[in-house]
Amino acid sequence: MSLQLTGAIAELRSALAPARRSGAGIGLVPTMGALHAGHGRLIELARQETDWVVVSIFVNPIQFDRRDDYQRYPRELARDVEFCEARGVSVMFAPEAREMYPEPYCTVVEVRGVTEHLCGRFRPGHFQGVATVVLKLFHIVQPDRAYFGEKDAQQLAVIRRMVRDLNVPVTIVGAPTVREADGLALSSRNQRLSAEERRVAPALYQALQLAEKRIASGAGDAEEAKRAALELLEQHPEVRVEYLEVVDPDEMQPVAQIQGAVRVAAAVWIGSTRLIDNVLCPRTG
Ligand code: AMP
C-alpha cells in the first residue's frame with residue numbers, strides 16, 4: 001500500500017473508507033512534524049497493533065502560548081513524508097490551520113484537574129489547545145487506537161482523562177521516551193539548541209535520574225528528592241528551571257510524602273529553548 005498524503009478532511013475520510021469497510025484496525029499517531037525516532041517508535045507500535053497507520057502533522061496554533069514559539073517551530077513536510085513512507089505509514093494528514101479551525105471557530109475542550117500543575121500552570125491555554133485538537137483528530141480519523149509518548153506525560157494524562165470523561169471510543173497507548181545516547185529526550189525542539197546548549201542539555205535527565213535514585217533508595221520526602229535534582233541543575237548556569245515537581249502519575253498533583261508510584265517532571269529553559277522531561281518512579285518497598 002503506498003502512502004497517501006492529504007490536507008483535506010473530506011479526502012482523508014475517503015482515503016480511510018476502504019479500511020473502515022473491511023473492518024481493518026486504524027491507528028493514529030498525532031504529531032507536530034519534524035519527525036524523529038521518538039515519533040518513529042510510536043509509528044512502529046501502531047504498525048504492530050493496527051492495519052492502517054495514520055500520522056497527522058499539524059503545528060496546532062491554539063496550543064502555543066507564545067507566538068514566537070509557534071512561528072519558529074520546525075516545519076519539514078518533505079522530510080516527514082519520506083520518514084513515514086520508509087516506515088509503512090498508510091495515510092498522512094497534514095492540514096492547514098484554516099482546515100482545522102474554519103472561521104468563526106467557537107468550541108474548545110477544557111480538561112480540569114490534571115492540567116492544574118506542571119506545564120498547565122506555566123503555559124496558559126496549552127492543554128485546552130491540545131485536548132481540542134486531539135478530540136478533533138479523533139473525530140476526523142476515528143481510530144481504534146491512538147499513540148502518545150510518555151515524554152509528554154501530562155499530555156498523555158490529559159488525553160486519557162478526556163477520552164474517559166467524554167466516552168471517546170478509542171484505546172490510548174502510551175510509549176516510553178526515546179533518548180539520545182547521552183540521555184537527552186528526543187524532541188523536535190532540540191534542533192534549536194546551539195552546540196554549547198546541546199552539551200548541557202542532558203543535565204535535565206541526569207537531575208531527574210538523581211531524584212529517581214533518591215526515591216528508590218527510600219527518600220519518602222519529595223522535597224529531599226527535588227533538592228538533589230535542583231542542586232545538580234544549579235551547577236549549570238545556562239539552565240533555568242521553570243518547574244521541577246514530584247506528582248502522582250494519574251492525577252498529576254504534587255505529592256509531599258512519597259507512598260506509591262510517582263513521576264518526577266521538569267521543564268527547563270536553555271537559552272530560548274524550553275525542554276521538558278520526566279521519569280516514572282515505581283512504588284518502593
Ligand atoms: P510532538 O510532535 O512533539 O507533538 O509529539 C508527537 C507525539 O510524539 C507525542 O505523543 C509525543 O509525546 C511523542 N514524542 C515526542 N518525543 C518523543 C520521544 N522522545 N519519545 C517518545 N515519544 C515522543
Side-chain angles (χ1 to χ4, degrees), residues 27-49 53-65 69-70 72-77 79-81 83-84 87 89 92-95 97 100 114 118-120 123 126-138 141 143 145-163 170-193 198 201-202 204-205 208 249 252 263 265-267 273-280:
L28 171 66
V29 180
T31 82
M32 297 206 297
L35 301 179
H36 53 64
H39 302 113
R41 181 76 192 97
L42 301 183
I43 293 171
E44 197 184 306
L45 261 179
R47 285 269 289 152
Q48 283 164 12
E49 298 179 352
V53 175
V54 180
V55 172
S56 63
I57 309 250
F58 181 55
V59 185
N60 176 31
I62 70 165
Q63 76 181 65
F64 284 80
D65 53 316
D69 190 29
Y70 174 65
R72 292 194 320 149
Y73 200 86
R75 290 161 173 88
E76 306 172 351
L77 187 60
R79 242 200 78 238
D80 291 344
V81 170
F83 187 97
C84 287
R87 286 162 182 79
V89 170
M92 278 176 85
F93 178 52
M100 292 296 275
V114 281
L118 312 178
C119 292
R123 300 187 68 187
H126 171 65
F127 285 120
Q128 190 184 83
V130 169
T132 302
V133 79
V134 170
L135 187 62
K136 281 174 69 73
L137 289 168
F138 286 169
V141 176
R145 302 168 81 80
Y147 296 81
F148 296 87
E150 279 176 14
K151 197 212 128 210
D152 301 280
Q154 192 176 19
Q155 168 172 285
L156 182 53
V158 168
I159 288 160
R160 286 193 195 283
R161 185 54 44 91
M162 174 185 80
V163 161
V170 63
T171 300
I172 302 301
V173 182
T177 303
V178 178
R179 301 179 179 283
E180 302 279 6
D182 61 10
L184 176 65
L186 264 54
S187 162
S188 308
R189 288 189 172 89
N190 291 353
Q191 41 177 289
R192 283 198 209 152
L193 299 168
R198 174 64 188 84
L204 171 56
Y205 184 49
L208 295 174
M252 294 280 155
R263 220 176 254 285
T273 305
R274 183 177 180 274
L275 301 178
I276 59 170
D277 201 350
N278 69 86
V279 295
L280 182 65

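All ligand and atom numbering here is 1-based and tracks the order in the structure.
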*Of the protein's non-hydrogen atoms, which lies at the shortest distance from atom 22 (N) of ligand 1, and what is that distance?*
Gly149 CA, 3.6 Å

*Under 3.5 Å, is there a donor-acceptor pair linking the side chains of Arg145 and Tyr147?*
yes

*Between Ala34 and Gln191, what is the shortest heavy-atom contact and its length?*
CB-NE2, 4.1 Å

*Hey, which atoms in ligand 1 end up nearer than 4.0 Å to a heavy atom of Pro30?*
6 (C), 7 (C)

*Which of the numbered atoms in ligand 1 are below 4.0 angstrom from a heavy atom of His36?*
15 (C), 16 (N), 17 (C)

*Least distance between heavy atoms, Ile57 atom then Pro95 atom*: O-CD, 3.6 Å

_Pair Glu44 + Arg47: basic N to acidic O under 4.0 Å_ = no

_Heavy atoms of other groups near Arg160 CZ, more than 12 under 6.0 Å_ = yes

*If you look at every heavy atom in Thr273 and Arg189, which pair is closest and at what distance?*
CG2-O, 3.7 Å

*Atoms in ligand 1 flagged as close to Leu186, the criterion being non-hydrogen separation under 4.0 Å*: 16 (N), 17 (C), 18 (C), 19 (N)

*Do Glu180 and Leu186 have side chains that get closer than 4.5 Å, going by heavy atoms?*
yes

*Are Pro176 and ligand 1 in contact, using a heavy-atom cut-off of under 4.0 Å?*
yes

*Short list, please: which atoms of ligand 1 are under 4.0 Å from a heavy atom of Gln155?*
9 (C), 10 (O)

*Kindly confirm or rule out an N or O of Ala175 lying under 3.5 angstrom from an N or O of ligand 1.*
no

_Run Met32 and Gln63 through side chain to side chain contact (heavy atoms under 4.5 Å, CB included) and show every step you take._
CA-CA 11 Å; Met32 297 206 297; Gln63 76 181 65; 3.7 Å; yes

*Against heavy atoms of Asp152, which atoms of ligand 1 measure under 4.0 Å?*
11 (C), 12 (O)

*Please confirm whether His39 comes within less than 3.5 Å of ligand 1 when only nitrogen or oxygen atoms on both sides are compared.*
yes

*Nearest non-hydrogen partners of Phe138 and Pro143, listed with the distance*: O-CD, 3.5 Å

_For atom 4 (O) of ligand 1, what is the closest protein heavy atom, and at what distance to 0.1 Å?_
Met32 CG, 3.6 Å

*What are the atoms of ligand 1, with element, lying closer than 4.0 Å to any heavy atom of Leu42?*
7 (C), 8 (O), 10 (O), 13 (C)

*Among Tyr147, Tyr73, Phe148, which residue places a heavy atom closest to atom 3 (O) of ligand 1?*
Tyr73

*asked:* Give me the nearest non-hydrogen protein atom to atom 20 (N) of ligand 1 as residue plus atom name, then the distance to 0.1 Å.
replied: Val178 N, 2.8 Å

